[in-house]
Amino acid sequence: MLDMFPYPSGNGLHVGHPEGYTATDIIGRFKKMNGFNVLHPMGWDAFGLPAEQYAIKTGTHPRVTTEANVANFTKQLKSLGFAYDWYREVNTTDPGYFKWTQWIFLKLYNSYVGDDGKAHPISELEAKGLSRDEIDAKRLAYVSEAPVNWCPQLGTVLANEEVVDGKSEVGGFPVERRPMRQWMLRITAYAQRLIDELDGLDWPESIKLLQRNWIGRSEGAQVKFQIAECGTRNAECITVFTTRPDTLFGATYMVLAPEHPLVPQITTAEQREAVGAYQKSVSSKSDLERTELAKEKSGVFTGAFAINPVNNERIPIWIADYVLMGYGTGAIMAVPAHDERDFEFATKFALPIREVVSDAPRLGGEAGAVCEMEPIVCLSAEGFAVNSGFLNGLPTAEAKKKMACWLEEKGLGKGTTNFKLRDWLFSRQRYWGEPFPIVWEDGNHRCIPESELPLMPPTLEDFKPTGTPEPPLSKATEWVQYSATATRELNTMPQWAGSCWYYLRYCDARNSERFVGVEAERYWMTGSLNAECGTRSAESIPNSEFRTPHSRPGGVDLYVGGTEHAVLHLLYARFWHKVLFDLGYVSTPEPFQRLVNQGLILGEDGQKMSKSRGNVVNPDDVVRDYGADSLRLYEMFMGPLEQVKPWSMKGVEGVYRFLARVWRLVMEVDDEGVWSISKALQDVPANKQLTKALHETIKKCGEDIEKFSFNTAISQMMVCTNAFTGAEVKPAAAIVTFLKVLSPFAPHLAEELNAQIRAQFPSLAADRFLSDETWPAYDPAALIEDEVEVVFQVNGKLRDKARVPVAATKEEIEKIALASARVQEFMEGKPAKKIIVVPGKLVNVVV
RNA sequence: GCCGAUGUGGUGAAAUGGUAAACACAGCGGACUUAAAAUCCGCUGGGAGGAAACUCCCUUGCCGGUUCGAGUCCGGCCAUCGGCACCA
């Protein structure tokens, strides 16, 4: 049972946190009562920018801020009665924890992905005698000089994922592209598996789709275009990626990304100035400007021509910023008749547009004719090949295949798959993060020995960014000097690092020998029972769909958290987990079997909660005024867990009143205002009606908890309470049973009332905590009534109802229905054409 | 533009294809009280008819379809929210 662990901010908990936490707490308590061994821990994702920025402002060390915030969060969580196993508390900033974050980095550094698509130790390559450069080019953690997202205000680079609309996700500061030396993680090597292995997971389909789209697989072909002889230039090839090789006959020009390495070589003397100016204008634009100005296509002709391999036509080569260097090959063949972007560009620069796909097959005379015409609209959908030589008449899917074969035969190209996903930029120019266990010597990197972990960050007085891309760690001159000739890596890891594996650490949080013990990992992640850390025998764990059988890929049975982590955290964690799995350190290929997203809680005004709107609800205030149980119950009663929903203090009062009604089932107050056990509470059996209400509640609450329908479970408990409230005498034993059902939701009240009842009726109450009790079983016989109400319809419209013995046969019910005066009236004397009888429900007479 | 989610009373919402609106909130009325609060008990989708008991008609974003029967299934639209967005 896993909650997304919080960043312990200075603001403390907001009411969004306890939403998911209450849900898992209820399920955890429920599962425990059903005999499961439940692991439900909590921890702190405590590295991060706010503490560091606070340090810059005030000089307070981030460790001090973090400790204070963690203490506050802990106090708050404990006040809500969450049954966390605090013995397993983890903190990403604890050296005992980040030692292993650094250790996992070393595994990444010392691994590569082989032809089997799995991670292997780098030592295998060394054994094969590969050179240092060849090995470095394969590592899962590698150094790149590629252009990165540099944010001057934050003084750090950011991952693509952390940049929104050209601004930093944190703070909204402008971000510029600049080349820097950075650590990257080769997540792209896992792109296909990250897509494929979603299949076995019980995640919301929408989240799976979000990840698939993010990874962005597309199938197509690479095509080589010869550069036509152009002045002094020698003939070279430009390779493009296209998803529509079937449209090759319609490629009337080519476009390279402005940064494409071939641009300087192919540009003619006449065009050099224009090309240079364009490149300069593009590179000086920030990402934000580039997207803002993207409405209008821009570009420049290089003066060079390429040969379309399929028809040997000379086609012009342009550069334009609508072609991105980072995707595919950074070059495209433009098919303006069948691609919106190319169409727009060709229209603007008066380039030829040739139709090669039609929505209906056209054969005969037209075939092979090169007609340069301008389609009024651009058809990007599939259709049938026209004006395309040997492809003519073929539907798009077949044309694609045929062209790919043709290209491969002629050595002009081949079928390929491309992914949008880029490698993960893994270094940050910050102080408050895990230092890299890496040193540099003679321009080469190497890892430090495991025995030197954890590598502690240096003690710094001055946390300010240097104002240059030089990280703040550079100020620790002594620390930096690893040896006479070697210096330490100055970057730190991003905040994602610690959260990529915290769920594994929970299994064995205090292990100092290993990131997680072998047995502990197997026991908790697979449900495998032959582990000494397990406290229960195989027999005591009921067979339930909740338990993870070995066939399921995911380890954690249930992971609850917000949608904001749908791609980043969940993708990164899956990637690390797979590497650890390939290397044999963990037992499952996926970290999280079942994922549930809780919906955002809005302010009372229906707006997103924020300080500036002044609509933030502080859980401490709610606990002070209504108690922890009311907060827990209201969070669950608001509506379905996954839904976005607005807060309402009136709603809190509603559940508070419900809890007060439960209290008064057991307790009564005298004239002096002193509460004592109620005289109405007696050692009597519940009557039939109350027994039915109770057993319906046991049944429905159990089912609803399994379905995450906490709101309807609470409704049912309200119904049950209302029934008890209406009874003259309160049957004590039945109320104790009800309290067991209530206890996962409102543990404080339930335990207190049980203790009160125990004092009066020692034999009727539970003699230990309700949380240690077994979930009550319901008696199906108690649910059955002697009579049920049956609805009579005529032509589907409700006309009458009657109480009928449950045992009544179809024929008997039909007879009663036809005998009804109201049914007769609406049948208007016509004969029944058809009579539908649903026993226990309804009769529908069709005339 | 593409993808996804959601549309039900004044409000949060509930309903294995079978009595739409359970349970709450708000509102109204009553009991208790000198009074108020708290508590308890009722009423509470819209329209029409009736003195009343009651009766009929309409109603789950809109339009169609399947079915004896549709909030639920199918097709088409509209609105709101979220994600992606020159990804070739």
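Any value given below was found using the heavy atoms of this structure, including those in side chains, with hydrogens, waters and symmetry copies removed.
Pair assignment for B:G1 gives B:C84, based on Watson-Crick or G-U wobble hydrogen-bonding distances that are each under 3.5 Å. Judged by Watson-Crick or G-U wobble contacts below 3.5 Å, the nucleotide B:U6 has B:A79 as its partner. Remark: B:A53 base-pairs with no nucleotide; criterion is Watson-Crick or G-U wobble with both hydrogen-bond distances under 3.5 Å. B:U33 is unpaired under the Watson-Crick or G-U wobble criterion, no partner having all donor-acceptor distances under 3.5 Å. The pairing partner recorded for B:A20 is none, the criterion being a Watson-Crick or G-U wobble arrangement whose two distances lie under 3.5 angstrom. Base-pair partner of B:G42: B:C28 (Watson-Crick or G-U wobble, both distances under 3.5 Å).
The same atom, P, is picked in B:A24 and in B:U33; the two are 27 Å apart, to the nearest Å. The C1' atoms of B:G9 and B:A13 are separated by 10 Å, rounded to the nearest whole Å. Nucleotides B:A52 and B:G17 have their C1' atoms positioned 39 Å apart, rounded to a whole Å. A gap of 13 Å separates the P atoms of B:U6 and B:C74, to the nearest Å. Using P as the reference atom, B:G27 and B:U34 are 26 Å apart when rounded to the nearest Å. Here the separation of B:A36 from B:G30, taken at their P atoms, is 11 Å to the nearest Å. Separating the P atom of B:U72 from that of B:U19 is a span of 14 Å, rounded to the nearest Å. B:G49 and B:C43 are spaced 25 Å apart, taking the P atom of each and rounding to whole Å.
Side chain of A:Ser388 to backbone of A:Leu391: no donor-acceptor contact under 3.5 angstrom is found. For A:Asp670 (side chain) and A:Gly673 (main-chain N/O), a donor-acceptor pair under 3.5 Å exists by modelled atom type.
Each of A:Ile714 and A:Gly216 was assigned the nucleotide of RNA chain B with the nearest heavy atom; the assignment lying further toward the 5' end belongs to A:Ile714. Nearest-nucleotide assignment on RNA chain B puts the 5′-proximal partner with A:Gly726, out of A:Lys797 and A:Gly726.
Residue-level contact check: A:Arg822 touches the backbone only, with heavy atoms under 4.0 Å from sugar-phosphate atoms and none from bases. Residue contacts shown for A:Phe637 include a base, since a base heavy atom lies under 4.0 Å away.
There is a side-chain donor-acceptor pair under 3.5 Å between A:Asp423 and A:Thr188. Side-chain N/O atoms of A:Asn597 and A:Thr563 include no donor and acceptor closer than 3.5 Å.
With ring centers used as reference points, A:Phe637 lies 6.0 Å or more from A:Phe658.
Under the 4.0 Å criterion applied to side-chain N and carboxylate O atoms, A:Glu703 and A:Lys700 are not assigned as salt-bridge partners. Taking a cutoff of 4.0 Å between a charged side-chain nitrogen and a carboxylate oxygen, A:Lys348 and A:Glu296 qualify as a salt bridge.
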* If a protein heavy atom is under 4.0 Å from the base, mark B; if only from the sugar-phosphate, S; if neither, -; do that for nucleotides 63-74 of chain B going 5' to 3'. => -----B------
